[in-house]
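Some notes on the structure that comes next.
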Amino acid sequence: MKTLVCISKTPDTTSKISFVDGGKNFNSDGISFIMNPYDEWYALVRAVELKEKMGGTVTVINVGDASNDLVIRKALAIGADDAVRVNANAPSSFFVAKQIAEIAKKENYDLIFLGKETIDYNGAEVGAQLAELLDLPFFSFVNHLEVDGQTNILKREIEGGEETIKISGPCVISAAKDLAQQRIPNMQGIMMSKRKPLTVVEAVAVEELVSLITHELPLPKKGVTLVSADNVDELVRLLHEEAKVI
Amino acid sequence: MSVLVVIEPSAGIINKGGFELATFGKETAALSGTKCIALVLGNASNAGELGIYGADEVLTADIPTYDSMVYATTIAEATKKLDASIVILKHNANGKAAAGRIAIKLNAGLVSAVNAVPVLNGAVLQVKRGVYSGKASATYAISSPIKVITVIGNSIKPQANGSAISVSVLDLPKLTSSLELVDRKTMSGRAPLPEADLVVSGGRGFKGPENWDILLELADTLGATTACSRPVADADWRPHHEHVGQTGVAIRPNLYIAIGISGAIQHLAGVNSSKTIVVINKDPEAPFFKAADYGIVGDLFEVVPKLTAAIKKLKHE
Ligand SMILES: Cc1cc2nc3c(=O)[nH]c(=O)nc-3n(C[C@H](O)[C@H](O)[C@H](O)COP(=O)(O)OP(=O)(O)OC[C@H]3O[C@@H](n4cnc5c(N)ncnc54)[C@H](O)[C@@H]3O)c2cc1C
């Protein structure tokens with residue numbers, strides 16, 4: 001079983017977000033970065049589990065500059081065998097999908113995993129574009145996957161429910177909660193990760209169809225109106241007459 | 001030219017989310033004076049009602065929506081046939097799985113999770129969306145001739161200004177899927193979280209799953225959908241699909257009532273776009289109060305039943 005796991009780097013979930021250059025760019029001052037949780041906890045760990053069960057290899061791929069090597073090493077410490085970094089700052093999900101497709105089409109991966117979305121852009125855009133570029137089936141929000149070498153059975157979250165689908169052959173899978181359990185890399189994994197191969201390749205040119213105009217922060221809340229616990233009727237009145245939500 | 005909105009019925013019925021898209025499509029089409037065509041994927045007894053909410057034309061195509069290849073080919077072909085320049089899908093599991101494919105097929109710019117009707121600037125479409133899990137928003141320009149966007153729930157109120165219209169079948173060659181759908185479970189009852197108007201959410205302050213009855217009664221009284229914080233879902237006190245926040249579902253209901261939830265930054269990220277936030281917490285220092293519109297400092301086991309009773313009283317008046 002030969003799998004590819006797409007990973008990205010995102011600000012830590014506790015980060016306070018701000019922008020510089022008139023809203024154009026993210027202010028990374030004082031921000032610590034992590035591997036996108038969906039990529040790490042579910043996509044990567046499930047790929048490593050399948051390798052442990054069935055043999056094979058796990059390759060991780062990231063599109064980003066050298067500052068991403070830290071999260072790539074962590075993925076290697078969790079159990080990936082090797083890594084590829086496409087050396088570019090991605091301006092769009094299309095750019096990322098294109099770069100990964102370039103690499104993936106040269107290798108015949110049985111499964112390609114990624115997290116269901118990143119926690120910075122929340123776009124859930126890369127997987128579908130990658131699958132289309134590779135002409136492979138794509139399954140979003142997979143929370144269960146059984147593979148026996150021939151047939152794959154997966155479950156995916158849909159709006160207000162769940163689907164079970166039987167498939168065969170290679171496909172792209174976006175990982176949701178429950179696909180696997182988070183793993184903390186152990187000392188041996190961390191030591192080994194330093195010797196595992198990380199190949200850096202240059203990006204291919206992409207024509208961008210979408211451009212960022214600006215970022216904005218939400219307007220501050222006007223402050224809370226506190227109501228006494230003995231006067232719940234007053235809260236209901238406010239919700240009915242002032243906020244007009246009930 | 002036209003604007004194409006893609007509607008997925010759920011269990012044979014188009015719900016509020018579908019009507020939202022019709023109104024969204026209508027307002028987007030108005031930007032360039034074109035018409036809004038709704039394409040319904042599957043059978044829906046109330047498809048004609050899309051006309052009430054803004055569709056100028058309603059077409060249907062009965063396809064296996066779980067197959068993103070068939071889904072995307074159908075929409076890409078329909079886009080060409082109907083000469084659509086803007087394709088609007090819902091930002092849900094199937095919409096997200098198809099949107100990227102459609103964009104590639106049509107050489108179209110894609111922006112997902114759009115939360116407001118776009119602005120047309122010459123041939124460039126400006127769209128707004130939340131980023132950093134709701135901690136900020138961003139505006140993008142799509143410059144390609146065809147544009148694809150996915151729209152999140154509760155981005156617009158469905159406007160019932162039109163009337164029901166007749167429905168016809170989209171004339172396209174039949175596509176088959178190589179995938180086998182083994183089972184599909186749908187949860188009936190409450191509105192799905194992303195499009196619920198009213199949400200009642202519980203945290204670790206409830207102490208255990210056996211104490212959820214008072215929250216469920218409040219939700220039933222309001223007709224609200226239920227949600228929870230992450231540790232509550234992790235401990236299996238509540239089902240995982242109720243988990244809201246940065247690593248759960250992001251929502252923007254009219255009313256979010258947070259009970260026994262401290263208001264950690266990862267929780268707030270998924271809910272702070274809610275129009276009105278009510279916090280019930282016994283700790284006056286709980287960070288959630290800073291993000292709230294209304295708050296009660298008190299013991300949830302006393303406050304929640306009182307709140308349910310007060311709402312029942314209001315509903316009877
Ligand atoms: C990477 C990462 C991602 C995360 N993603 C999410 C996410 O998506 N969603 C999420 O929710 N969390 C998320 N978290 C967890 C988050 O940091 C908090 O730990 C979590 O939100 C706390 O849940 P809680 O408010 O239910 O529990 P607590 O923080 O324990 O708060 C319980 C609250 O209940 C109050 N309380 C107790 N008893 C009563 C009573 N009798 N009456 C009234 N009030 C009472 C307490 O005063 C307290 O404020 C994430 C964390 C990490 C590290």
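Keep in mind the model is a prediction, meaning the values are calculated, not measured. In the text below, chain A, chain B and the rest are named by the order of the sequence lines, each starting its count at 1.
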> Is it true that A:Glu125 and B:Lys96 have a side-chain N and a carboxylate O under 4.0 angstrom from each other?
Replying inline: no

Here the gap from A:Glu157 atom CD to B:His240 atom NE2, rounded to the nearest 0.5 Å, amounts to 9.5 Å

Comparing B:Pro192, B:Ala97, B:Gly109 against chain A, the one with the most heavy-atom pairs below 4.5 Å turns out to be B:Ala97

Salt bridge or not for B:Asp234 and A:Lys177, using N-O below 4.0 Å? yes

Honestly, the part of A:Leu235 sitting under 4.5 Å from a heavy atom of chain B is side chain

Honestly, the part of B:Ala99 sitting under 4.5 Å from a heavy atom of chain A is neither

Assert top hit (heavy-atom pairs under 4.5 Å, partner chain B, pool A:Trp41, A:Phe94, A:Phe26) equals A:Phe26

Bottom line for A:Asp178: the part with an atom under 4.5 Å from chain B's heavy atoms is side chain

What one should report as the nearest heavy-atom pair of A:Ser140 and B:Ala93 is OG-O, 3.1 Å

Whatever's closer than 4.5 Å to a heavy atom in chain A on B:His241 counts as neither

- Query: Stepwise, does the side chain to side chain contact (heavy atoms under 4.5 Å, CB included) test hold for B:Tyr132 with A:Ile119?
  - Reply: CA-CA 6 Å; B:Tyr132 297 98; A:Ile119 60 165; over 6 Å; no

Answer yes or no: is there a donor N or O on one side and an acceptor on the other, between the side chain of B:Thr139 and the main chain of A:Ile213, under 3.5 Å? no

If one checks every heavy atom of B:Leu222 against chain A at 4.5 Å, the contacting part turns out to be side chain

Ranked by heavy-atom pairs below 4.5 Å to chain A, first place among B:Ala269, B:Gly298, B:Ala233, B:Ala138 goes to B:Ala138

- Query: Taking B:Ser144 for the side chain and A:Leu209 for the main chain, is one N or O donor matched with an acceptor at less than 3.5 Å?
  - Reply: no

Turns out that what part of A:Arg237 lies under 4.5 Å from chain B's heavy atoms comes down to neither

Comparing A:Thr118, A:Asp230, A:Ile246, A:Val227 against chain B, the one with the most heavy-atom pairs below 4.5 Å turns out to be A:Val227

To the nearest 0.5 Å, atom NZ of A:Lys244 lies from atom CG of B:Leu255 at 14.5 Å

Using side-chain hydrogen bond (donor to acceptor under 3.5 Å, both in side chains), reason through B:Gln266 and A:Thr13 one step at a time and then give a plain yes or no. CA-CA 6 Å; B:Gln266 298 96 346; A:Thr13 55; 2.9 Å; yes

With chain B, the option among A:Glu208, A:Glu163, A:Lys155, A:Glu207 that has the most non-hydrogen atom pairs under 4.5 Å is A:Glu163

| task | Before accepting this row, confirm whether a basic side-chain N of the pair A:Glu162/B:Arg184 lies closer than 4.0 Å to the acidic partner's carboxylate O. | result | no

One option among A:Val126, A:Thr10, A:Leu238 has the most heavy-atom pairs under 4.5 Å with chain B, and it is A:Leu238

Which word best sums up how the rings of B:Tyr140 and A:Tyr121 line up, parallel for under 30°, tilted for 30 to 60°, or perpendicular for over 60°?
perpendicular

Please tell me if the side chains of B:Ser137 and A:His215 come closer than 4.5 Å, counting only heavy atoms from C-beta onward. no

| Got a sec: does the NZ of B:Lys315 have more than 12 other heavy atoms crowding it under 6.0 Å? | yes

Okay, B:Ala141 and chain A: the region with an atom under 4.5 Å from a heavy atom over there is both

Between B:Lys290 and A:Lys221 (side chain of the first, backbone of the second, donor and acceptor by atom type, cut-off under 3.5 Å), is there such a pair? no

**OP:** Taking only Lys NZ, Arg NE, NH1 and NH2, and the carboxylate oxygens of Asp or Glu, determine whether A:Glu216 and B:Lys128 approach each other closer than 4.0 Å.
**Re:** yes

Under 4.5 Å to a heavy atom of chain B? For A:Phe138 that would be both

- Message: Determine whether B:Asn94 and A:Glu159 satisfy the following criterion, side chain to side chain contact (heavy atoms under 4.5 Å, CB included), listing intermediate values before the conclusion.
- Response: CA-CA 8 Å; B:Asn94 290 336; A:Glu159 197 170 73; over 6 Å; no

Might you work through the side chain to side chain contact (heavy atoms under 4.5 Å, CB included) test for B:Leu181 and A:Thr164, ending with a clear yes or no?
-> CA-CA 6 Å; B:Leu181 181 69; A:Thr164 307; over 6 Å; no

Turns out that what part of A:Leu136 lies under 4.5 Å from chain B's heavy atoms comes down to backbone

The interface call for B:Asp67 against chain A, heavy-atom contacts under 4.5 Å, is neither

Legend entry - Test item: A:His240 and B:Leu314 side chains (from C-beta on) under 4.5 Å apart, heavy atoms: yes

Looking only at heavy atoms, the pair that brings B:Tyr294 and A:Leu239 closest together is CD1-CD2, 3.8 Å

B:Asp183, CG: over 12 other non-hydrogen atoms inside 6.0 angstrom
yes

Heavy atoms of B:Phe289 and A:Val224 approach each other most closely as O-CB, 3.4 Å

If one checks every heavy atom of B:Ala224 against chain A at 4.5 Å, the contacting part turns out to be neither

Closest non-hydrogen atoms of B:Ala310 and A:Asp233, given as atom of the first, atom of the second and distance, are CB-OD1, 3.2 Å

In terms of heavy-atom pairs under 4.5 Å with chain B, the winner among A:Thr214, A:Leu217, A:Asn143, A:Val172 is A:Thr214

Ranking B:His91, B:Arg101, B:Glu180 by heavy-atom pairs under 4.5 Å to chain A gives rank one to B:Arg101

Closest non-hydrogen atoms of B:Lys135 and A:Thr14, given as atom of the first, atom of the second and distance, are NZ-C, 4.4 Å

Chain B shares the most heavy-atom pairs under 4.5 Å, among A:Ile158, A:Ile17, A:Leu133, A:Ile153, with A:Ile17

Check whether A:Tyr38 reaches the backbone of B:Thr247 with its side chain - one donor and one acceptor, N or O, closer than 3.5 Å. yes

Correct closest heavy-atom pair for B:Leu307 and A:Val236 would be CD1-CG2, 3.7 Å

Item to check | B:Leu110 vs A:Gln129, side chain to side chain contact (heavy atoms under 4.5 Å, CB included): CA-CA, chis, key distance, verdict | outcome: CA-CA 10 Å; B:Leu110 163 71; A:Gln129 295 181 87; 3.9 Å; yes

When the 4.5 angstrom heavy-atom criterion is applied to A:Pro11 and chain B, the contacting part is side chain

Counting heavy-atom pairs under 4.5 angstrom with chain A, the leader among B:Asp293, B:Ile280, B:Thr276, B:Val303 is B:Asp293

Honestly, the part of A:Glu117 sitting under 4.5 Å from a heavy atom of chain B is side chain

Whatever's closer than 4.5 Å to a heavy atom in chain A on B:Val279 counts as neither

In terms of heavy-atom pairs under 4.5 Å with chain A, the winner among B:Ser112, B:Gly295, B:Ala250 is B:Gly295

Turns out that what part of A:Asp135 lies under 4.5 Å from chain B's heavy atoms comes down to both

Bottom line for B:Glu195: the part with an atom under 4.5 Å from chain A's heavy atoms is side chain

Honestly, the part of B:Ala108 sitting under 4.5 Å from a heavy atom of chain A is backbone

| message | Around atom NZ of B:Lys275, are there more than 12 heavy atoms from other residues, nucleotides or ligands closer than 6.0 Å? | response | yes

